[in-house]
Amino acid sequence: MTGGEVFERVLAPEPGRTALVVVDMQRGFLDPGEAMEVPPAREIVPAIQSLLSVFRARRLPIVFTEFVYSESVPVLIGKLHPEHQPAPPGAPRGFGLPSSSCLEGTPSAETIPDLAPRSGEIVVRKRGYDAFTGTPLDGALRARNVTSLVVTGTMTDICVLATVTAALHREYRVTLVEDGVSTLWPEIQRATLDIIGRAYGRVVTAKEVVDLISRW
């Protein structure tokens, strides 16, 4: 049995116990002109919408994560990425400058309208890259008997990767949607998908996930 076959057998999503995770598809990363804009993230919206549709039709759990920076919790990421710090009134904004990107209480921190969470869906606001550390996500998933995660979102090499590795170490079976994740650099996208596929989870297309869940 090959390594890929082992991953497929061990990590295949379990019917009725699988949740969709949408990582950081926020206005601060997707709106044109934002200081931390990730243009490729706009291209994966249709794939994520197709997954949302099938998960909602099957009444399976859906999680949205949102990175939120707050001056009341001045985490190190805020120093590494000053774009998250509040923009002074009238001052220029942009990469490397305080720009209120994903700042708590601002529209920048919200999930984009095209993927807006619905009533009853889980929204996890986090202070770091991975969606588990310091959040109620693990407990919320276990309360719903979730054992398997289908992961999408941005950026593939930062918050998505951190969430995938954290999920594996909490014994979740991870499926990453290769056309449902994005980053700024094609070569980094390919490398990260390879890393995840060799060590942390299955890497498949949105269509493969939709077809699988539609059969449940």
Side-chain angles (χ1 to χ4, degrees), residues 3-26 29 38 41 44 47-48 51-52 54-56 58-68 75 77 111 115 117 120-183 188-206 208-210 212-213 216:
E5 290 171 337
V6 171
F7 272 46
E8 183 63 34
R9 176 176 59 81
V10 174
L11 300 178
E14 294 193 310
R17 305 188 71 183
T18 297
L20 176 65
V21 181
V22 181
V23 176
D24 297 6
M25 293 293 284
Q26 298 161 257
F29 301 125
V38 184
I44 65 173
I48 297 175
L51 292 162
L52 285 169
V54 73
F55 271 77
R56 285 166 174 163
R58 291 292 184 271
R59 300 185 182 277
L60 293 168
I62 295 171
V63 177
F64 294 86
T65 78
E66 296 172 347
F67 174 79
V68 177
V75 294
I77 290 173
T111 296
L115 300 175
E121 295 174 348
I122 304 165
V123 178
V124 173
R125 295 181 175 91
K126 58 194 179 70
R127 305 296 186 186
Y129 295 144
D130 97 66
F132 287 92
T133 300
T135 79
L137 178 56
D138 190 40
L141 292 172
R142 295 189 190 281
R144 291 160 175 79
N145 296 313
V146 169
T147 61
S148 310
L149 303 179
V150 173
V151 181
T152 66
T154 202
M155 290 171 46
T156 313
D157 51 317
I158 303 178
C159 292
V160 171
L161 177 60
T163 296
V164 164
T165 59
L168 175 73
H169 291 121
R170 289 166 175 79
E171 297 294 310
Y172 290 100
R173 295 163 173 83
V174 174
T175 294
L176 186 82
V177 183
E178 61 185 341
D179 53 341
V181 293
S182 64
T183 191
I188 297 298
Q189 175 83 351
R190 289 191 295 270
T192 309
L193 294 178
D194 181 60
I195 290 167
I196 291 172
R198 286 187 292 108
Y200 299 108
R202 301 164 67 245
V203 178
V204 303
T205 66
E208 289 176 89
V209 176
V210 169
L212 174 66
I213 294 178
W216 290 351

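The analysis underlying the following values was restricted to heavy atoms, covering all of them including side chains, and did not include hydrogens, waters or symmetry mates. For clarity, every value in this text was computed on a predicted model and none was experimentally measured. Positions are given from 1, in the same order as the sequence printed here.
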Measure from the side-chain N and O atoms of R202 to the backbone N and O of L176, and report whether any donor-acceptor pair falls under 3.5 Å.
-> no

Does a side-chain heavy-atom distance below 4.5 Å link V54 with W216?
-> no

Interatomic spacing from CD1 in I195 to CG in D157 - rounded to 0.5 Å | 9.0 Å

Inter-residue atom distance F29.CZ - S182.OG, 0.5 Å rounding = 10.5 Å

Beyond-backbone contact of V209 with L51, side-chain heavy atoms, under 4.5 angstrom | yes

Taking C-beta and beyond as the side chain, do T165 and D130 meet within less than 4.5 Å on heavy atoms?
-> no

Shortest non-hydrogen contact from G128 toward I77 = CA-CD1, 3.7 Å

May I ask you to test the R144-I122 pair for a side-chain heavy-atom distance under 4.5 Å?
-> yes

Check: T152 side chain, V181 main-chain N or O, donor-acceptor pair, under 3.5 Å | no

Which atoms form the tightest heavy-atom contact between T205 and E208, and what is the distance?
-> N-OE2, 2.9 Å

Nearest-0.5 Å distance that lies between atom CG in L161 and atom OH in Y200 = 6.5 Å

S148 side chain near T175 side chain, heavy-atom distance below 4.5 Å | no

Can you see which heavy atom on V68 is nearest to which on R127, and at what distance?
-> O-NH1, 3.2 Å

Assess whether side-chain contact (heavy atoms from CB on, under 4.5 Å) is satisfied between T163 and T65, documenting all intermediate values.
-> CA-CA 10 Å; T163 296; T65 78; 5.7 Å; no

Do V203 and F7 have side-chain heavy atoms sitting under 4.5 Å apart?
-> no

Which residue, T147, V151, D138, V21, forms the side chain to side chain contact (heavy atoms under 4.5 Å, CB included) with Y172?
-> D138

Distance, nearest 0.5 Å, that separates CE of M25 from CD1 of I44 = 4.0 Å

Nearest heavy-atom pair of Q26 and E66: which atoms, and what distance?
-> OE1-CA, 3.4 Å

Please check if any side-chain donor atom of D24 sits under 3.5 Å from a side-chain acceptor atom of T154, or the reverse.
-> no

CG of L137 to CZ of R142: how many Å apart, nearest 0.5 Å?
-> 10.0 Å

Are any of the side-chain heavy atoms of V177 and V150 separated by less than 4.5 Å?
-> yes

Taking all atoms of both residues into account, what is the closest heavy-atom pair of P61 and V146, and its distance?
-> CG-CG2, 3.8 Å

How many angstroms lie between CG in L141 and CZ in F132, if you round to the nearest 0.5 Å?
-> 5.5 Å

Do any N or O atoms from the side chain of T135 and from the backbone of K126 form a donor-acceptor pair under 3.5 angstrom?
-> no

Taking the side chain as C-beta and beyond, is there a heavy-atom pair between R17 and R173 under 4.5 Å?
-> no

For A206 against D179, the heavy-atom pair lying closest together = N-OD1, 2.8 Å

